[in-house]
Number of protein chains: 2
Amino acid sequence: MTSSTLFTRQQSDSGNTTTCATNNGINPSSIKPALYTEPYRPQIHFSPSTGFMNDPNGLVKSGDTWHMYFQYNPNATVAGFQHWGHATSKDLYHWQNHLYAIAPDSDDQGIFSGSAVLDVNNTSGFFNDSVPADSRFVAIYTLNTPTAQNQNIAYSTDGQNYTKYSGNPVISLNTTQFRDPKVFWDEQKSRWVMAVSHSQDYQIGFYASTNLREWNEVSRFGPSGILGYQYECPDLLQIPISGGDKDGQKAWVLVLSINPGAPLGGSFIQAFIGDWDGTNFKPWDGSTQIVDFGKDFYAAQTFYNAPNDQAILIGWVGNWQYANAVPTSPWRSSMTVPRQMTVRYIDMNPMHKGYQVTMEPYGLESLQKQQTNENTTSSNGNQTVSLDGNGAFEILANLSYPSTNYSVNPRAEFLIHTPNQGEYLKVGILYGDPTTVYVDRRLAGKEWSDSNPFFTDRFSQQFHPITTDNSTKQIVRVHMIVDRMQSELFVQDGVASASILHFWDNEAKPSSLSVGLGDDQIKLDSLQVNAINSTWPTCP
Amino acid sequence: MTSSTLFTRQQSDSGNTTTCATNNGINPSSIKPALYTEPYRPQIHFSPSTGFMNDPNGLVKSGDTWHMYFQYNPNATVAGFQHWGHATSKDLYHWQNHLYAIAPDSDDQGIFSGSAVLDVNNTSGFFNDSVPADSRFVAIYTLNTPTAQNQNIAYSTDGQNYTKYSGNPVISLNTTQFRDPKVFWDEQKSRWVMAVSHSQDYQIGFYASTNLREWNEVSRFGPSGILGYQYECPDLLQIPISGGDKDGQKAWVLVLSINPGAPLGGSFIQAFIGDWDGTNFKPWDGSTQIVDFGKDFYAAQTFYNAPNDQAILIGWVGNWQYANAVPTSPWRSSMTVPRQMTVRYIDMNPMHKGYQVTMEPYGLESLQKQQTNENTTSSNGNQTVSLDGNGAFEILANLSYPSTNYSVNPRAEFLIHTPNQGEYLKVGILYGDPTTVYVDRRLAGKEWSDSNPFFTDRFSQQFHPITTDNSTKQIVRVHMIVDRMQSELFVQDGVASASILHFWDNEAKPSSLSVGLGDDQIKLDSLQVNAINSTWPTCP
């Protein structure tokens with residue numbers, strides 16, 4: 001990726017002192033007066049003020065502050081001239097924009113994806129004793145140049161102002177396909193471990209270090225799973241297990257992004273569950289899991305130092321098949337809500353239980369909401385709920401079906417409408433063996449969709465419904481977040497999840513929800529719709 | 001699967017003596033006068049005369065005759081009451097329908113999927129010496145009952161009239177999830193080997209036998225790849241290798257169907273490349289391959305005793321998410337053309353070569369064709385070709401692009417139109433790093449598509465273009481077969497292939513092809529369009 005103009009830091013406004021939404025580094029003269037009020041602008045998801053964003057980078061919690069860096073082009077709304085943009089939050093929803101934190105030194109460089117850690121024991125030697133332990137930031141990133149991708153590091157005492165290490169690169173293999181280092185402190189061998197992608201070899205390299213400066217390769221993993229064109233953005237992490245013999249333990253999971261080469265086309269993420277012994281990652285079996293059945297979920301990464309060792313992940317909402325072309329301005333792309341990961345022991349079918357990576361929204365309950373519908377329980381029939389508010393809301397629905405006789409295959413459908421005639425996003429539950437959740441964005445903004453041959457419209461995933469104790473009532477729980485031009489769907493505690501973009505015609509906003517029950521034996525046991533206040537204060 | 005009525009053999013017409021299209025077993029009184037003339041009816045692909053078809057079964061070549069059996073419900077156009085339908089061909093395109101070959105004994109049974117072999121050495125003891133070696137058919141199938149799925153066998157001296165073995169079942173494990181036996185003669189240990197699915201355990205069992213009657217489990221494989229809900233229809237076979245260190249050798253490939261649980265929703269096939277030592281299947285690495293990027297390719301099986309040890313595969317063109325609902329009558333479903341499989345050593349990206357399962361049409365050159373367009377070479381601009389003929393044709397196009405500078409990402413598009421206004425199937429090539437082939441059926445029959453939330457519309461796959469020796473000209477070869485309501489696409493010698501259904505509005509037929517070149521540097525080096533004569537003679 002290249003950029004036509006060299007952007008200099010001093011042109012930018014770091015703007016941390018106001019409470020209105022500030023920018024991530026673009027020339028202030030080009031900023032619209034009311035950022036975050038644009039019709040398509042997500043109201044509770046992170047998006048950069050202006051410019052182009054892709055992968056989340058360097059996710060780290062320091063004290064009570066969540067830091068998110070991200071691949072960022074401050075100069076244009078297409079990928080290129082990659083910086084590490086920067087934003088912070090106390091709750092992962094209200095974000096404060098900052099000036100980009102790490103910038104390339106020349107316009108033929110890119111600060112590509114990577115991670116950040118807190119070097120609390122000053123293993124790197126970068127910090128004075130006066131620096132509090134949780135202010136000892138070290139960022140590990142790929143420096144991309146026309147001739148190589150090398151792993152570099154930089155350090156900071158505030159998470160904003162980084163000093164590039166004078167001894168960079170810390171790993172150099174003389175290859176152009178070696179990127180996206182994710183580093184964690186491995187208790188087992190009391191050392192740092194980096195997972196990094198040997199992208200076009202379809203391998204994840206694991207490197208170890210005691211000081212973040214000197215690294216030795218200890219093992220490689222792959223080729224494995226769906227290969228596609230290349231591997232990107234590995235994340236080796238521990239995820240709490242719920243259920244089964246391993247209940248309460250943690251599983252090691254390798255999360256891996258592939259682009260292009262997704263079965264749905266373009267970008268996707270797969271995950272492998274296994275063991276990490278400090279040196280080697282060994283999957284439990286030969287299986288691979290696609291953890292989000294939508295088409296707009298990529299390059300996800302978990303936070304370093306999340307509380308209680310939880311696995312909190314943020315993904316990029318995009319697909320490289322159309323990310324540079326989506327009809328938003330003056331920015332492109334957004335992130336998912338933070339997702340809490342659990343490895344659940346579930347019924348994969350009537351005869352087999354297995355461990356599956358699941359994701360649910362994290363911290364959403366802290367947001368300010370207005371309950372929109374009056375009738376929250378025992379709503380048994382078809383109904384329509386007006387969606388007041390600012391275009392961001394959540395739907396919580398519990399469905400039940402009394403029978404296992406699926407001669408009918410009854411369905412329930414949730415349609416999110418805009419004021420445009422015939423425009424809606426459809427989410428359906430088709431009871432059966434197994435039950436299927438499906439999403440149809442075919443009519444959720446035809447103008448842009450019609451123009452793009454890669455904007456696949458229909459997605460689905462099967463799952464085994466949860467059956468109540470007497471085995472007569474099968475319950476499906478739907479949790480959906482709709483935020484202007486993006487939606488996230490979570491079914492059955494995140495056993496199925498989907499991240500979906502939809503660009504309504506004429507930049508419309510969601511205005512009503514209709515629920516249709518296709519069979520009188522399906523019950524809508526509860527329906528709650530909450531308008532969620534925007535988390536983006538705007539400058540007047 | 002159950003059926004409401006018991007169908008008896010004597011009601012049916014075996015009808016082998018006429019040259020017109022005969023039926024596969026339904027009550028003759030319900031047959032339309034002109035089968036295979038219906039507007040949606042594929043003209044060069046196999047479809048049953050009437051009733052519902054799914055998986056190909058028992059594919060075997062005996063003498064100069066290809067036998068195809070298939071999962072078949074003669075009573076209705078939805079799945080249920082499964083028989084083994086039967087058809088034979090000398091060329092895999094001109095098919096003679098026969099009465100179903102194996103029928104259930106009661107209406108709560110189903111003759112589920114399986115395979116057939118020629119027991120040339122009479123290992124089973126079923127055959128007199130007078131029976132020619134290549135007339136010693138043994139079918140191995142799953143007998144499905146409400147309480148179990150067991151593996152059964154039946155034998156025949158003509159491929160049509162089968163005697164069920166009195167000692168059935170040959171394998172019984174007291175489970176309802178154990179099916180789809182595929183048997184081959186394993187030279188390594190001079191014994192029969194069966195691959196069979198322990199469906200909901202996500203394992204393929206390998207069983208060995210010296211006589212086809214007594215079987216012992218020798219190993220299991222899995223869980224591996226994408227698990228979905230259950231495994232079905234395994235096929236362990238040898239495929240010739242082209243290129244690389246192993247050029248001229250053969251690879252063992254395990255082909256495996258999953259339903260539901262496809263990344264695109266519903267049904268799909270994945271393949272593992274590895275070694276088979278007579279006892280264990282060991283994949284070369286942890287990777288899995290999705291061999292067809294469309295949504296309508298399932299339960300594929302290769303022929304036993306194909307000439308020259310070629311791997312000739314036929315797949316079912318369908319997806320269980322909508323197979324029981326597609327708008328054809330008096331039949332539902334069709335097969336792919338026969339596809340010759342090769343494991344090719346290809347550029348998977350600029351840095352890595354690897355082995356990939358590829359498929360190309362087999363024997364298509366033997367069909368009678370009329371060349372439709374006059375200009376077969378050096379057609380450099382946009383053009384439209386009228387598609388005369390009967391709705392079945394092939395497109396052979398060679399594109400080239402002179403540069404590797406993809407700042408433009410030029411595309412070429414092939415639109416197959418019907419007379420309906422604005423109705424077309426789109427196939428595109430987007431040059432880039434990598435190049436992408438895409439299919440868009442969004443406008444290829446809106447009425448039926450609009451009614452089905454699972455009829456995903458857009459598909460794509462990346463591939464590395466073939467570059468000529470001087471590295472300046474990048475060639476993409478497109479081979480497409482369009483046959484009324486189904487299309488098959490093969491790009492770069494089958495490195496990418498897709499099976500796609502499209503139900504045109506008002507049962508229209510394809511009537512013209514337009515080619516659009518999005519950049520004046522893209523050249524259409526050649527374009528050949530052939531109308532292909534129907535292979536289905538009809539009764540007057």
Side-chain angles (χ1 to χ4, degrees), chain A residues 175-177 199-202 221-230 260-266 268 270 272 283-290 293 321 348-352 354 411 413 426 428 430 434 436 438-440 442-443 449-450 452-464, chain B residues 175-177 199-202 221-230 260-266 268 270 272 283-290 293 321 348-352 354 411 413 426 428 430 434 436 438-440 442-443 449-450 452-464:
Chain A
T175 168
T176 59
Q177 299 295 329
S199 295
Q200 297 193 348
D201 295 327
Y202 303 111
F221 172 76
S224 205
I226 292 177
L227 301 186
Y229 190 67
Q230 56 194 349
L264 287 164
F268 83 119
Q270 60 188 328
F272 308 94
W284 289 345
D285 59 35
S287 68
T288 182
Q289 298 185 8
I290 299 177
F293 71 92
Q321 285 189 327
M348 299 183 68
N349 57 48
M351 295 182 66
H352 187 83
R411 62 182 71 189
E413 290 187 334
K426 181 188 288 184
L430 179 66
T436 302
Y438 55 95
V439 177
D440 186 348
R442 183 180 175 87
L443 299 176
S449 174
D450 281 355
N452 192 294
F454 300 110
F455 203 64
T456 308
D457 64 348
R458 274 161 271 200
F459 313 93
S460 57
Q461 185 174 317
Q462 85 292 341
F463 62 92
H464 203 61
Chain B
T175 169
T176 60
Q177 300 294 331
S199 296
Q200 297 193 347
D201 296 327
Y202 303 110
F221 172 77
S224 205
I226 292 177
L227 301 186
Y229 190 67
Q230 56 194 349
L264 287 164
F268 83 117
Q270 60 188 327
F272 307 95
W284 289 345
D285 59 35
S287 68
T288 183
Q289 298 185 9
I290 299 178
F293 72 92
Q321 285 188 327
M348 299 182 69
N349 58 47
M351 293 181 66
H352 186 84
R411 62 182 69 190
E413 291 188 333
K426 182 189 287 185
L430 179 66
T436 302
Y438 56 95
V439 177
D440 185 349
R442 183 180 174 88
L443 299 176
S449 174
D450 282 354
N452 192 294
F454 300 110
F455 203 65
T456 308
D457 64 349
R458 274 161 273 200
F459 312 94
S460 58
Q461 184 174 316
Q462 86 292 341
F463 61 92
H464 203 63

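Sequence lines set the chain letters: A, B, ... in the order given, protein chains first and strands last, and positions in each chain run from 1.
- Residues A:Pro434 and B:Pro260 come closest through the heavy atom pair CG-CG, 3.5 Å.
- Partner of B:Tyr229 under the side chain to side chain contact (heavy atoms under 4.5 Å, CB included) criterion, out of A:Gln462, A:Met348, A:His352: A:Gln462 alone.
- Note that CG of A:Asp440 is 9.5 Å distant from CZ of B:Phe454, once rounded to the nearest 0.5 Å.
- Ranked by heavy-atom pairs under 4.5 Å with chain B, the list A:Gly222, A:Ser224, A:Ser199 is led by A:Ser224.
- No donor-acceptor distance shorter than 3.5 angstrom exists from the side chain of B:Asn349 to the backbone of A:Gln230, with no hydrogens or angles considered.
- In terms of non-hydrogen atom pairs under 4.5 Å with chain A, the most contact-rich of B:Gly428, B:Ser460, B:Ser287, B:Ala262 is B:Ser287.
- When heavy atoms are compared at a cutoff of 4.5 Å, B:Leu264 approaches chain A by way of both its backbone and its side chain.
- With a 4.5 Å cut-off on non-hydrogen atoms, A:Pro283 does not touch chain B at all.
- The backbone N or O of A:Pro453 lies less than 3.5 Å from no partner atom in the side chain of B:Arg442, so there is not a single donor-acceptor pair.
- Looking at A:Gln270 and B:Pro263, their side chains never come closer than 4.5 Å, going by heavy atoms from C-beta outward.
- With a 4.5 Å cut-off on non-hydrogen atoms, B:Thr175 touches chain A through its side chain but not through its backbone.
- Of all the listed residues (B:Thr176, B:Thr436, B:Leu430, B:Ile226), the one sharing the greatest number of non-hydrogen pairs under 4.5 Å with chain A is B:Ile226.
- Between the side chain of B:Thr456 and the backbone N or O of A:Arg458 there is at least one donor-acceptor pair closer than 3.5 Å.
- Contacts of A:Tyr202 with chain B are made by side-chain atoms alone, with heavy-atom separations under 4.5 Å and no backbone atom involved.
- By number of non-hydrogen pairs under 4.5 angstrom with chain B, the leading residue of A:Asp285, A:Val439, A:Asp457 is A:Asp457.
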* Asked: So A:Asp450 and B:Leu443, side-chain contact (heavy atoms from CB on, under 4.5 Å) or not? Walk me through it.
  -> CA-CA 9 Å; A:Asp450 281 355; B:Leu443 299 176; 5.7 Å; no
